[in-house]
Peer 1: 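I'd like to ask you about the structure that follows.
Basis for what follows: all heavy atoms, side chains included, without hydrogens, waters or symmetry-related copies.
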Amino acid sequence: MPDLTLLTKLLSTFGDDAPACDASLCLNQRFKAANCHLCADACPVAAITVQGANVRIAPETCVHCGICLHVCPTGVFAAPNQAQADKRLLDAAAPLAGRALELTCPANRQVDRTAAPVEAVVQSGRCLAALSLAELLDLAQPRQRNLWLNDSDCAACPLGQALPVIQETATQANLVLAAWHHPIELRTQITEPDALTTVHRVAVFSGQQPSYSRREFLTFVRHTTTQVMSTVAVEALAPLQSLAGEPQPRDAELSYQRRHLTASVARLGPPPSAAMLTDSLPWVTVQISDACTACSLCARFCPTAAIRWTTQTPATDAAAAQPVTTFDLNFIAADCVDCGICQAACPEDAITLPDSVNPAQIGRRQMQTLRQGHLGPCRICTIATDLAVRSTCHVCNMSLTKKRKRLKG
C-alpha cells in the first residue's frame with residue numbers, strides 16, 4: 001500500500017500545480033497510428049490517460065513530480081516555471097565546481113548522509129526521474145566532475161515506477177559523455193554498489209533556493225577558483241539561435257526540453273568524428289531512397305518540422321515554356337524526436353531510420369538535404385509528383401495497383 005504520508009509530503013514539495021497539458025501537441029494527434037503512450041507508462045501515480053488522440057492529466061491525482069515534462073518527446077506537458085527551476089538547480093551546483101557531487105530528492109530522510117564518494121549533496125526539488133538528459137549533461141560536463149544520483153530508496157518509494165527512468169537517463173548521459181571523450185561519469189547507488197564507501201556526513205545544499213555561507217563557499221572552491229560560478233549556470237538555458245532564413249514550424253515551436261538538449265550537447269565541445277549508435281539515445285537520422293515520389297507526406301506529418309519540404313517555381317516570361325517546379329526535402333537531425341511517423345506515413349516505403357547518427361548534427365540545428373528534384377503533373381489526376389520516378393502520384397498508383405490485383409483475382 002502506498003505511503004500516503006510520504007505522498008502528501010511529495011505533493012507539497014514538488015510544487016503547487018500539475019503540469020499544463022496541451023493535447024494538440026501529442027503524436028497521436030499528428031498521426032493516428034503513432035500509438036504513443038510514453039507519458040502514461042512513465043507516470044508513477046497513473047495520473048495520465050491516453051485514449052486514441054486524447055491525452056489527459058488528472059490534477060487531483062498528479063503529485064507534480066515532473067517526470068512527464070521530459071518523457072514526452074513533443075512537449076505536451078509544461079510547467080510555467082520549468083526553466084527557472086532548472087536554472088536554480090544549476091546555480092546551486094555552480095560553486096561546487098570540479099567536486100564530486102550527489103543529487104537526491106526531497107523524500108530522502110537522511111539527506112546529510114550518503115555512501116557515495118562525494119563531499120556535497122544537492123537536494124533537488126523534484127523526483128530524480130524528472131531530471132532530463134540535458135540537465136544531467138549540464139550538471140556534469142562543464143565542471144568536469146563525477147555526478148551521483150541517490151536512488152537508494154527509490155525502490156521503496158511510492159513513486160518506485162520512476163526508478164527505471166532515473167537509470168535510463170543516467171545511461172544516456174554516460175553514452176553521450178563517452179562519445180565526446182569526457183573522463184566523467186554519472187552513477188547511481190543501485191547500479192554501482194561496488195563504488196560506494198561507508199556512510200558519511202556531507203554538506204547539503206538546496207536545489208530550489210541556492211544559499212551558501214562564506215565558510216561553505218570558500219571550502220568548496222578553494223582549489224577551483226577559476227571555475228567558480230561558471231557562466232554555464234547562466235547560459236545553460238539560453239534560447240537556441242534559429243537557422244538562417246528558416247521557415248517557422250507549422251503548428252508550434254520545438255519544445256523547451258528539445259531546445260535545452262540541443263544546447264547542452266553543443267556545450268560539450270567539438271563533436272567526435274565517429275558515428276553514435278542511437279538504440280538508447282533520443283536521436284535518429286533519416287535516409288530517403290530513390291523510390292521517393294515527392295509526395296511530401298513525411299514533412300506534413302513530422303511533429304517537430306525536422307523534415308521540411310519546399311518548392312520553388314522560377315519566374316518566367318509569359319511567352320516562355322511552362323516553368324518547372326523544383327522541390328527540396330531537408331532534414332534537421334537535432335529536431336528529430338525519433339517518433340517514426342515519417343517512416344509509417346511514407347506510401348512508397350522510401351524512408352529508413354539508420355541505427356547511428358553523426359554527432360555533429362545533434363549539437364547544431366544544421367539542415368541537410370535528403371532529396372531534390374523536379375515536379376510534374378500526374379498523368380491521371382495532375383497532382384504534382386516526381387515524374388523521374390513514376391508518371392503517376394502515390395494515390396493514383398495505389399488505385400492502379402488495387403485495380404490490377406482485382407483483375408488478376
Side-chain angles (χ1 to χ4, degrees), residues 6 9-10 12-15 65-66 85-132 135-157 159-160 162-163 165-167 169-170 173-174 177 184-224 227-230 232-233 236:
L6 182 54
K9 177 184 176 181
L10 293 176
S12 63
T13 303
F14 288 158
C65 65
D86 290 350
K87 186 177 183 301
R88 283 197 298 269
L89 183 61
L90 291 172
D91 287 343
L96 313 177
R99 320 294 277 194
L101 180 68
E102 183 173 71
L103 297 176
T104 190
C105 82
N108 189 341
R109 294 185 174 94
Q110 291 186 313
V111 66
D112 62 339
R113 295 174 181 270
T114 182
V118 301
E119 301 174 47
V121 166
V122 172
Q123 190 170 36
S124 171
R126 297 163 289 169
C127 174
L128 292 180
L131 296 173
S132 67
E135 287 179 278
L136 294 185
L137 292 177
D138 280 338
L139 285 164
Q141 186 276 333
R143 299 165 185 85
Q144 293 293 307
R145 60 161 167 237
N146 290 326
L147 189 67
W148 282 81
L149 302 177
N150 189 345
D151 60 348
S152 59
D153 294 329
C154 290
C157 176
L159 307 185
L163 181 58
V165 179
I166 298 171
Q167 296 175 347
T169 310
N174 281 324
L177 292 169
I184 47 181
E185 290 184 289
L186 276 90
R187 299 177 172 181
T188 77
Q189 292 200 18
I190 289 180
T191 57
E192 299 199 43
D194 293 341
L196 298 176
T197 63
T198 57
V199 176
H200 57 284
R201 286 188 178 274
V202 290
V204 180
F205 301 92
S206 171
Q208 295 178 289
Q209 295 178 335
S211 176
Y212 301 89
S213 68
R214 178 179 175 83
R215 175 176 296 179
E216 290 168 339
F217 185 85
L218 293 177
T219 297
F220 288 98
V221 303
R222 185 177 299 149
H223 302 294
T224 54
Q227 299 176 6
V228 173
M229 300 305 290
S230 165
V232 173

Peer 1: Please name the pair of heavy atoms, one in E119 and one in V202, separated by the smallest distance, quoted to 0.1 Å.
Peer 2: O-CB, 3.8 Å
Peer 1: So does A115 get a backbone contact from the side chain of T197, meaning a donor-acceptor N/O pair under 3.5 Å?
Peer 2: yes
Peer 1: Determine whether more than 12 heavy atoms belonging to other residues, nucleotides or ligands lie under 6.0 Å from atom CD of E192.
Peer 2: yes
Peer 1: Working to the nearest 0.5 angstrom, can you tell me the gap between I190 CD1 and L196 CG?
Peer 2: 10.5 Å
Peer 1: Check each of L163, T188, V165 against C154 using the side chain to side chain contact (heavy atoms under 4.5 Å, CB included) test, and report the only one that passes.
Peer 2: L163
Peer 1: Could you measure the distance from the CD atom of Q167 to the OG1 atom of T191? Nearest 0.5 Å is fine.
Peer 2: 5.5 Å
Peer 1: Let me confirm one number: the CD-OG distance from Q110 to S152, rounded to the nearest 0.5 Å.
Peer 2: 9.5 Å
Peer 1: With side-chain hydrogen bond (donor to acceptor under 3.5 Å, both in side chains) as the test, pick out the partner of D112 among H200, Q123, R201.
Peer 2: R201
Peer 1: For L136, which of L186, L128, N174 qualifies under side chain to side chain contact (heavy atoms under 4.5 Å, CB included)?
Peer 2: L186
Peer 1: Is there side-chain contact between L139 and L90, with heavy atoms separated by less than 4.5 Å?
Peer 2: yes
Peer 1: Looking at A173 and L137, what are the two nearest heavy atoms and their distance?
Peer 2: O-CD2, 4.0 Å
Peer 1: For the atom pair CG (L177) and CG (N146), what is the distance rounded to the nearest 0.5 Å?
Peer 2: 10.0 Å
Peer 1: Can you tell me how far apart CG (D151) and SG (C105) are? Round to the nearest 0.5 Å.
Peer 2: 10.0 Å
Peer 1: Give me the atom names and distance for the closest heavy-atom approach of L131 to S124.
Peer 2: CD2-OG, 4.4 Å
Peer 1: Between V118 and A100, what is the shortest heavy-atom contact and its length?
Peer 2: CB-O, 3.7 Å
Peer 1: Can you give me the closest heavy-atom contact between A120 and L96, atom names plus distance?
Peer 2: CB-CD1, 4.0 Å
Peer 1: Using every non-hydrogen atom in the two residues, find where A130 and C65 come nearest and quote the distance to one decimal.
Peer 2: CB-O, 3.2 Å
Peer 1: Where do N150 and V121 land on the side chain to side chain contact (heavy atoms under 4.5 Å, CB included) test, with the steps shown first?
Peer 2: CA-CA 9 Å; N150 189 345; V121 166; over 6 Å; no
Peer 1: Does the pair R126/D86 count as a salt bridge with the N-to-O cut at 4.0 Å?
Peer 2: yes
Peer 1: Under a 4.5 Å cut-off applied to non-hydrogen side-chain atoms, are T104 and T114 in contact?
Peer 2: no
